[in-house]
Amino acid sequence: MAELVDHPCVQHKLAIIRDVDTGHKRFRELATEITKFICYEALKNIRTREVVVQTPVAEASCRKLDTDLVVVPILRAGVGMLEGILELVPTARVGFVGLYRDEESKQPVTYYERFPSQIKGGTCIIIDPMLATGGSTVAAIEKLKENGAGSIVVVCIVTCPEGIALVEAEHPDVPIYAAAIDEKLDDRKYIVPGLGDAGDRLFGTSH
Ligand code: PRP
Ligand code: URA
């Protein structure tokens, strides 16, 4: 299942982050802002428990989050979304999976993984701005499942039909939330129109 977060405020920011003339400082700020909005939607079904709170006036029946949340950025571009989600759920724990897409084969190569123990049975949110072929996301989902994740949600900024199809085929239990579902991949497996190389644009590097 892929859900598009089509809110006008998100779409406005998306128009700016896509722009080739947006520099790395503004790109980073926008990645944080957009992530917060997408995660707000992506977390709408997480488990809560009833609590009673004493207000200055009376007792109120309230709900609090009732699951261990583990945010997992895919290095390196996923780090650009970390601040946004932690503003929303500051008590979340953070695990890391280091993957890069081999320039030739386009296949994901894992070079790092480190997860908190709460991943077992917890709710994991994978963050990566670009879900292109879907290879990196599928590899990250497999790592989380091997480590006992209870449920997994994927949050990206831009994706495309090819990437969604792969994740749905391999892991139909994992929903994807995105601010854009673009047209296609090009010959280099970049999303079209996309926003270019997210890692380079976030961190001010170039190929
Ligand atoms: C980008 C992006 C994803 C991956 C998407 O990372 O951040 O992780 O490509 O491609 P896929 O869906 O086809 O696997 P990249 O490999 O450029 O590494 P970086 O984050 O270190 O720049
Ligand atoms: N990785 C990126 O950063 N951008 C794309 O369009 C595809 C993969």
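As the structure is a prediction and not an experimental result, all values here were calculated from the model. Quick note: residue numbers are just sequence positions, from 1. Each ligand, and each atom within it, is numbered from 1 in the order the structure gives. We use all heavy atoms of the structure for the numbers below, so side chains are in, but hydrogens, waters and symmetry mates are not.
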Peer 1: In terms of atom number and element, which parts of ligand 2 are under 4.0 angstrom from non-hydrogen atoms of Ile191?
Peer 2: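 It comes down to these atoms of ligand 2: 5 (C), 6 (O).
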
Peer 1: Taking 4.0 angstrom as the limit and counting only heavy atoms of Lys189, give me the atoms of ligand 2 inside it, by number and element.
Peer 2: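 What qualifies from ligand 2 is 7 (C).
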
Peer 1: Need the ligand 1 atom indices (1-based, order shown) with element for anything under 4.0 Å from a heavy-atom of Arg76.
Peer 2: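 Counting atoms of ligand 1 from 1, those under 4.0 Å from Arg76 are 19 (P), 20 (O), 21 (O), 22 (O).
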
Peer 1: Nearest non-hydrogen contact with atom 4 (N) of ligand 2 belongs to which option: Ala132, Gly196, Gly194, Ala198?
Peer 2: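 Looking at heavy atoms only, Gly196 sits closest to atom 4 (N) of ligand 2.
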
Peer 1: Compute the shortest N/O to N/O distance between Gly134 and ligand 1 and return yes if it is under 3.5 Å, no if not.
Peer 2: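 N/O-N/O distance below 3.5 Å exists for this pair.
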
Peer 1: Do any nitrogen or oxygen atoms of Thr137 come within less than 3.5 Å of a nitrogen or oxygen of ligand 1?
Peer 2: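 For ligand 1, there is no N or O atom that lies under 3.5 Å from one belonging to Thr137.
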
Peer 1: Distance below 4.0 Å between atom 6 (O) of ligand 1 and any protein heavy atom?
Peer 2: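 Not a single protein heavy atom is under 4.0 Å away.
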
Peer 1: If you measure every N or O of Asp200 against every N or O of ligand 1, does any of those distances drop under 3.5 Å?
Peer 2: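 Between Asp200 and ligand 1, no N or O pair is found under 3.5 Å apart.
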
Peer 1: Give the residue, atom name and distance (to 0.1 Å) of the protein heavy atom nearest atom 8 (O) of ligand 1.
Peer 2: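 Answer, as residue, atom name and distance: Asp128 OD2, 2.4 Å.
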
Peer 1: Once the angle between the rings of Tyr111 and Tyr100 is folded into 0 to 90°, is it parallel (under 30°), tilted (30 to 60°) or perpendicular (over 60°)?
Peer 2: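 If you compare the ring of Tyr111 with that of Tyr100, the planes turn out tilted.
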
Peer 1: Would you check, one step at a time, whether the test salt bridge (Lys or Arg N to Asp or Glu O under 4.0 Å) holds for Arg26 with Glu33?
Peer 2: CA-CA 10 Å; Arg26 187 71 191 118; Glu33 293 164 15; 3.6 Å; yes

Peer 1: Against heavy atoms of Ala77, which atoms of ligand 1 measure under 4.0 Å?
Peer 2: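 The atoms of ligand 1 under 4.0 Å from a heavy atom of Ala77 are 7 (O), 20 (O).
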
Peer 1: Check ligand 1 against Tyr100 and write out every atom of the ligand that is under 4.0 Å from a heavy-atom position of the residue.
Peer 2: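 So the atoms of ligand 1 that pass are 16 (O).
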
Peer 1: Distance to 0.1 Å, residue and atom name: give those for the protein heavy atom nearest to atom 15 (P) of ligand 1.
Peer 2: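 Here the nearest protein heavy atom works out to Arg101 N, 4.3 Å.
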
